[in-house]
Enquirer: 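First the structure, then my questions, so here it is.
As the structure is a computational prediction, the values presented were derived from the model and not from experiment. First listed ligand is number 1; within each ligand, the first listed atom is number 1.
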Amino acid sequence: MPATRGATLLLELLKQEGVRVMFGNPGTTELPLMDALAVETEPRYVLALQEAPAMAMADGYALASGGLAVVNLHVAPGLGNAMGMLYDAQKAGSPVLVTAGQHEQTFNVTEPLLWADLPRIAQPFVKWAYEVRRIEDLPRAIHRAVKTALAPPTGPVFLSLPGDVLTASADIDLGAPSRVAARVRGDAQAIAAAAALLARAERPVIIAGDAVPQGGALPELVALAEALGAPVYDEGMASRTMFPSSHPLYRGNFARLPAVIRRLLEAHDVLLSVGGDLFTLSLPGQVEAVPDGLAIVHLDTDPWEIGKNYPVRAGILGDPKATLPELAEAVLQAMTAPQQARAAKRLEAARTEGEKGRAALRAEAEALAGRTPIQPLALMGAVAGMLPDDAVVVDESVSSGAGLRRLLRSDDAQSFFGLRGGGIGWGLPAAVGVKLALPHRPVVALVGDGSAMYTIQGLWTAAHEGLAVVFVIVNNSSYRILKQRANAMQRFAAQRDLYVGMELDDPRIDFVSVARGMGVEAHRARTVAEVRDLLAAGLRADGPTLIDVEMDRGFKPV
Ligand SMILES: Cc1ncc(C[n+]2csc(CCOP(=O)(O)OP(=O)(O)O)c2C)c(N)n1
Ligand SMILES: [Mg+2]
């Protein structure tokens with residue numbers, strides 16, 4: 001084999017790992033790579049106009065494809081720009097190989113322009129961070145990085161790629177990819193202990209997290225939930241579909257404030273978390289989120305999460321897809337006939353309650369549909385009511401999204417993606433990555449006006465790539481959630497009705513002009529009826545469209 005340059009070798013290795021698309025934003029340190037891409041057509045390079053959207057696109061791609069995503073950034077400022085979105089990817093456990101160009105190693109001692117110790121910057125948010133030192137190490141470094149990103153608990157990894165490694169030439173064997181088989185079955189004793197607790201439970205509840213859709217375990221979770229007659233919530237910040245939303249046991253997102261969590265949990269005697277986050281709170285509270293006496297059973301792929309904040313009665317390390325059938329079987333075995341009868345009654349009652357709750361929510365949304373300016377729930381109801389069965393929703397609607405999960409039909413693991421980490425600016429570019437991973441499904445992004453502005457450049461990539469995504473900008477010309485919370489503090493802001501740093505209305509951002517300026521067809525909607533028409537047109541379009549929805553700016557409780 002003739003000698004190969006490092007940059008070409010890198011592309012060969014990525015191809016060998018099954019990578020077909022890579023996201024990036026180049027600079028001089030990436031030029032050897034861009035040069036190699038002039039002759040190699042795979043992986044295809046998707047250009048983002050800033051590193052934050054590049055990173056979120058990779059995250060969306062990883063979530064939607066269920067596999068690896070790759071992003072290439074430009075030295076320290078490029079990696080720095082991506083850090084907020086890397087945080088989100090880490091929280092979602094997205095297997096993303098983050099790479100960045102680095103100056104030549106003999107040059108770095110002088111501390112050249114844009115240089116910094118890149119692995120140290122990335123370290124807190126990745127499973128492994130390393131600077132490749134020799135071209136000979138590229139195969140081992142790439143294969144290890146990809147293996148590590150994809151092994152449970154999955155997550156981002158980082159490689160710094162010095163210029164001299166990318167421009168060196170050598171005759172090197174590519175080696176081979178490794179994968180860690182993920183279907184780990186939980187410990188038999190722990191499963192038996194969990195089953196005994198669950199069988200005795202009179203009021204069980206389930207919180208489901210990332211590990212469920214990651215392992216494709218939705219049907220297994222449905223079976224266990226039905227056996228227990230237990231309502232199922234998504235964890236407080238859900239990155240995808242954890243449970244079929246049209247199932248009567250589904251109850252939507254769990255709470256994130258300690259007092260609300262406690263109130264919900266007080267109705268139960270046993271909590272089963274299946275990869276569910278217990279609990280990432282959004283604010284501290286005066287009360288403990290978990291009431292005394294609640295027995296917690298936790299099954300997860302990540303031992304760190306088990307018993308992290310609250311002691312568990314049974315902690316099981318394992319893959320939900322592999323473990324839930326055994327747990328369900330053990331529960332049924334452990335249940336007495338009266339216990340089984342009570343579980344069946346709970347299922348029946350939950351079914352009725354679930355259907356009633358959903359119908360009431362739909363009716364409430366419909367009753368608001370005639371109001372102008374548009375009310376949040378009316379928008380969510382209208383969008384949910386119009387989507388085809390195979391639609392995929394990417395949600396960063398922040399304060400306006402209440403009820404969305406229960407209004408939507410999102411029954412398969414790829415039908416919904418949400419902001420898991422809380423670093424806003426994720427949704428718009430994530431939708432670009434989602435569409436690239438799922439080109440045959442309609443993709444609709446619901447994004448707050450404030451959030452959209454962090455990574456608005458993502459629109460250009462959608463136009464450039466000709467991606468038929470419908471971007472719905474939930475435009476209340478404010479950081480409404482911050483106004484809600486400032487108001488709830490009942491101090492100066494509330495007394496003076498003055499919300500410093502939270503008004504985006506002077507001038508109001510004209511997303512129609514912004515989008516058109518980046519080649520995206522765009523229109524404004526002032527009524528729910530207009531939203532419906534524009535959404536129908538957007539779903540028919542073969543390129544990206546944007547709907548700038550003029551929302552009610554109200555934020556005070558009525
Ligand atoms: C990167 C980042 N910067 C700032 C914040 C703080 N923050 C949380 S929500 C929010 C406002 C979101 O505004 P918008 O998207 O318009 O949604 P709305 O609150 O109006 O529903 C801000 C600034 C954050 N979470 N992440
Ligand atoms: Mg807003």
Enquirer: Does the Asn475 side chain pair with the main chain of Met551, one donor and one acceptor, at a distance under 3.5 Å?
Expert: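 Answer holds: no.
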Enquirer: Classify the side-chain pair Asn72/Tyr45 by whether it contains a donor and acceptor separated by less than 3.5 Å.
Expert: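 No.
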Enquirer: Do Gln214 and Thr154 have side-chain N/O donor and acceptor atoms under 3.5 Å apart?
Expert: yes
Enquirer: Going by the closest heavy atom to atom 15 (O) of ligand 1, which one wins out of Ser478, Gly425, Ser451?
Expert: Ser451
Enquirer: Of all N, O or S atoms in Asp449, identify the one at the shortest distance from the Mg ion (ligand 2).
Expert: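 Going through the N, O and S atoms of Asp449 one by one, OD1 ends up nearest to the Mg ion (ligand 2).
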Enquirer: Can you find a pair of side-chain heavy atoms, one from Asp390 and one from Pro442, that are under 4.5 Å apart?
Expert: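 They are in side-chain contact.
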Enquirer: Looking only at distance, does Arg480 have an N or O less than 3.5 Å from an N or O of ligand 1?
Expert: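 Yes, at least one N or O pair falls under 3.5 Å.
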Enquirer: Under 2.8 Å from the Mg ion (ligand 2), is there an N/O/S atom belonging to Ser478?
Expert: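 It does: Ser478 brings an N, O or S atom closer than 2.8 Å to the Mg ion (ligand 2).
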Enquirer: What is the closest protein heavy atom to atom 9 (S) of ligand 1, and at what distance does it sit?
Expert: Ile481 CG2, 3.4 Å
Enquirer: Just which atoms of ligand 1 are under 4.0 Å from any heavy atom in Leu482?
Expert: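 Counting from 1, the qualifying ligand atoms are 22 (C), 23 (C).
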Enquirer: State whether any protein heavy atom lies less than 4.0 Å from atom 4 (C) of ligand 1.
Expert: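 Yes, there is one.
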Enquirer: Using heavy-atom distances, let me know which of Asp449, Ile424, Asn475 sits nearest atom 12 (C) of ligand 1.
Expert: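 The nearest heavy atom belongs to Ile424.
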Enquirer: So do Arg516 and Glu521 actually touch side chain to side chain, heavy atoms under 4.5 Å?
Expert: no
Enquirer: Under 6.0 Å from the NZ atom of Lys308, do we count more than 12 heavy atoms belonging to anything else shown?
Expert: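 It does: Lys308 NZ has more than 12 such atoms within range.
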Enquirer: Do Glu503 and Tyr479 pair up side chain to side chain, a donor and an acceptor below 3.5 Å, judged on atom types alone?
Expert: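 Not at all, the side chains of Glu503 and Tyr479 share no donor-acceptor pair under 3.5 Å.
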Enquirer: If you define the side chain from C-beta out and look only at heavy atoms, does anything of Gln102 sit under 4.5 Å from Val75?
Expert: yes
Enquirer: Atom 17 (O) of ligand 1: which protein heavy atom is closest, and how many Å away?
Expert: Val398 CB, 3.4 Å
Enquirer: Quick test: of every protein heavy atom, which one is nearest to atom 13 (O) of ligand 1, and how far off is it to 0.1 Å?
Expert: Tyr479 CD2, 3.4 Å
Enquirer: Suppose I only count heavy atoms of Gly450 and a 4.0 Å limit; which atoms of ligand 1 are within that range?
Expert: 13 (O), 14 (P), 15 (O), 16 (O)
Enquirer: Verify the distance test for Tyr479 against the Mg ion (ligand 2): any N/O/S atom under 2.8 Å, yes or no.
Expert: no
Enquirer: May I ask whether Gly422 places a heavy atom under 4.0 Å from ligand 1?
Expert: yes
Enquirer: Identify, for atom 21 (O) of ligand 1, the protein heavy atom at the shortest distance, and state residue, atom and that distance.
Expert: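 Here the closest protein heavy atom is Ser399 OG, 2.6 Å.
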Enquirer: Does Gly84 come within less than 4.0 Å of ligand 1, judged by its heavy atoms?
Expert: no
Enquirer: What are the atoms of ligand 1, with element, lying closer than 4.0 Å to any heavy atom of Tyr454?
Expert: 3 (N), 4 (C), 23 (C)
Enquirer: Near Ser397, which atoms of ligand 1 are under 4.0 Å from a heavy atom of that residue?
Expert: 21 (O)
Enquirer: Determine, using heavy atoms of Ala452 and all atoms of ligand 1, whether some pair is separated by less than 4.0 Å.
Expert: no
Enquirer: Quick one, Leu419 and Lys91 - any side-chain contact, counting heavy atoms below 4.5 Å?
Expert: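 Contact flag for Leu419/Lys91 side chains = no.
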Enquirer: Any side-chain heavy-atom pair from Ser273 and Leu278 closer than 4.5 angstrom?
Expert: yes
Enquirer: Could you check whether Arg405 makes a cation-pi contact with Phe416, meaning its NZ or CZ is under 6.0 Å from the centre of the six-membered ring and within 45° of the ring axis?
Expert: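 Judged by the rule, Arg405 and Phe416 form a cation-pi pair.
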